[in-house]
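Worth knowing before you read on, the calculation uses all heavy atoms, side chains too, and leaves out hydrogens, waters and symmetry mates. Labels below follow one simple rule: chain letters A, B, ... track the order of the sequence lines, proteins then strands, and each chain is numbered from 1.
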There are 2 protein chains.
Amino acid sequence: MARTPPTKPRKNALQARSRATVDALVEATARILVKEGFEKTSTNRIAEIAGVSVGSLYQYFPSKEALVAAVIDRHNEEIMGLVRAALAEVADLPIEKAVQKLVTVAIEAHRINPKLHRVLAEQIPRTGQLADVEAFNREVHALVRAYLESRRKEMRKIDPGLATFICVSAIEAVAHNTVLNEAEVLSEKTVRTLVEETTRMVVGYLR
Amino acid sequence: MARTPPTKPRKNALQARSRATVDALVEATARILVKEGFEKTSTNRIAEIAGVSVGSLYQYFPSKEALVAAVIDRHNEEIMGLVRAALAEVADLPIEKAVQKLVTVAIEAHRINPKLHRVLAEQIPRTGQLADVEAFNREVHALVRAYLESRRKEMRKIDPGLATFICVSAIEAVAHNTVLNEAEVLSEKTVRTLVEETTRMVVGYLR
DNA sequence: CTATAATGCGAGCGATCACTCGCTTTTTCT
DNA sequence: AGAAAAAGCGAGTGATCGCTCGCATTATAG
């Protein structure tokens with residue numbers, strides 16, 4: 001009895017050039033999403049732009065959804081990198097400084113790739129595996145909550161979960177709307193004012 | 001020369017039962033969106049659920065997009081009804097009371113039809129005419145800004161446009177995330193706490 | 001060098017879907 | 001009652017798209 005069927009079922013297994021293929025596919029997907037929008041992003045087109053055949057595409061990604069999910073994941077990991085670093089850096093700082101840093105990072109994170117961010121926010125139907133952006137959100141909440149709990153003395157009496165929810169919602173919304181509305185051009189001055197004001201609101205709320 | 005070509009080109013013209021047809025189509029679209037999601041929402045299915053033929057559908061709606069846009073519009077008009085009423089009611093009230101009312105209304109507005117709201121937010125690609133949710137947003141900003149300007153004396157020195165942007169972003173985000181995360185069950189107590197806290201944050205920020 | 005596995009290819013299948021067209025039924029007008 | 005306009009119908013069309021399959025090419029192992 002032959003143990004291994006001649007063809008491995010699907011997906012993983014990357015040894016040398018296949019890595020490049022996978023990268024090219026994810027990169028091509030991101031580019032098409034940004035340049036042509038979600039509707040024009042077909043698997044055939046992705047393969048074409050990646051300089052790869054559709055067959056190869058399906059060797060590594062079981063579905064179109066999986067490809068888009070990979071793009072989302074890559075982008076979210078970049079953002080989470082900034083956020084994790086900021087929260088580590090801020091752990092020993094008082095609330096005022098910490099919030100200022102976090103607001104700054106929130107805006108920076110949204111500016112990593114604004115066009116992609118916009119497409120992901122506005123054009124990708126959050127369905128099936130694409131719904132899992134939530135995991136990142138939970139991590140952010142957990143990290144912020146841990147910080148707030150460690151600084152309880154500087155704050156008024158307040159439920160940490162609730163405070164986290166309100167602060168994260170507010171900061172995220174300001175950053176998100178800023179980047180989506182002002183399009184690409186955001187003067188340093190504007191950003192500074194925005195950070196100041198948002199920080200003021202959040203800090204005022206916490207104590 | 002025949003003036004009127006025998007068949008009117010498309011779209012409007014409603015005299016009696018055709019009104020019911022149009023309503024049934026919009027209603028069916030909303031129901032399918034909620035029950036089966038955007039992906040399953042095809043024009044054939046809409047016509048079927050509305051108890052109408054595809055042909056009739058295309059007499060009144062030039063495209064599938066137009067149908068979804070009608071659903072969005074209807075929902076937004078309901079929301080704007082609440083918001084406009086609240087802002088009128090609040091015009092002569094001091095900031096504290098006004099903000100409290102506005103936060104309450106923001107949550108109420110998101111709870112008009114939470115399931116539909118979720119689908120519209122998460123599954124509808126904002127593309128083409130669907131991108132025009134922005135008009136409602138602008139109206140909200142204009143209304144809030146007008147209120148804030150009329151109450152300048154109670155506030156610290158602050159740019160009205162910026163203040164409006166931050167306050168509306170924060171309030172909207174809290175309401176949005178509340179309704180989307182807590183799913184359907186929201187105790188009165190939770191809502192009251194949330195309103196109190198958000199109000200505190202915004203009022204504290206404004207003065 | 002040869003055998004075997006890994007990777008790559010792309011024509012084309014099957015299914016879906018938005019939308020049209022020729023026709024029937026209902027309503028309105030005179 | 002008769003004519004004409006309005007409303008309604010639904011099988012069918014053309015196009016797209018996700019995905020498969022049989023085969024070719026390249027890399028690795030013995």
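Every residue two or more places apart in sequence or in another chain was checked for a side-chain hydrogen bond (donor to acceptor under 3.5 Å, both in side chains) with A:R126, and none qualifies. Under the rule for a side-chain hydrogen bond (donor to acceptor under 3.5 Å, both in side chains), B:T41 has no partner lying at least two apart in sequence or in another chain.
The distance from atom CD of A:E48 to atom P of D:dT16 is 14 Å, rounded to the nearest whole Å. Across the protein-nucleic acid pair, A:Q59 atom CD and D:dA24 atom P stand 16 Å apart, rounded to whole Å. One interatomic measurement links the two molecules: CG of B:L57 to C1' of D:dG10, which rounds to 13 Å at whole-angstrom precision. The distance from atom CZ of A:F61 to atom P of C:dG8 is 12 Å, rounded to the nearest whole Å. Rounded to whole angstrom, the span from the CZ atom of A:R19 across to the P atom of C:dA6 amounts to 16 Å. Spacing between atom OH of A:Y58 and atom P of D:dC17 amounts to 12 Å, rounded to whole angstrom units. For the pair A:L67 CG and D:dG18 P, the interatomic distance rounds to 10 Å; values are reported in whole Å. Residue A:K64 contributes atom NZ, which lies 4 Å from atom P of D:dG18 at whole-angstrom precision.
Considering only the side chain of B:V54, D:dG10 comes nearest among C:dC9, D:dG10, C:dG10. Here the nucleotide nearest the side chain of A:R17, chosen from C:dT7, C:dC19, D:dT20, is C:dT7.
You'll find the side chain of A:F165 stays beyond 4.5 Å of the side chain of A:R145, heavy atoms only.
DNA chain C lies under 4.0 Å from no heavy atom of any residue of residues 32-44 of chain A.
Judged as a salt bridge (Lys or Arg N to Asp or Glu O under 4.0 Å), the pairs with a partner in residues 129-138 of chain A (not counting sequence neighbours) are, in order, A:E134-A:R138. Within the structure, salt bridge (Lys or Arg N to Asp or Glu O under 4.0 Å) pairs that include any residue of residues 48-75 of chain B comprise B:E27-B:R74, B:R45-B:E48 (at least two apart or interchain). Annotation: side-chain hydrogen bond (donor to acceptor under 3.5 Å, both in side chains) contacts involving residues 101-114 of chain B, sequence neighbours excluded, comprise B:H110-B:E172.
To the nearest 0.5 Å, atom CD1 of residue A:I46 and atom NZ of residue A:K40 are 14.0 Å apart.
Checking the phosphate oxygens (OP1, OP2) of C:dT7, no side-chain nitrogen or oxygen of A:T21 falls inside 4.0 Å. Distances shorter than 4.0 Å separate some side-chain N or O of A:Y60 from OP1 or OP2 on C:dG8.
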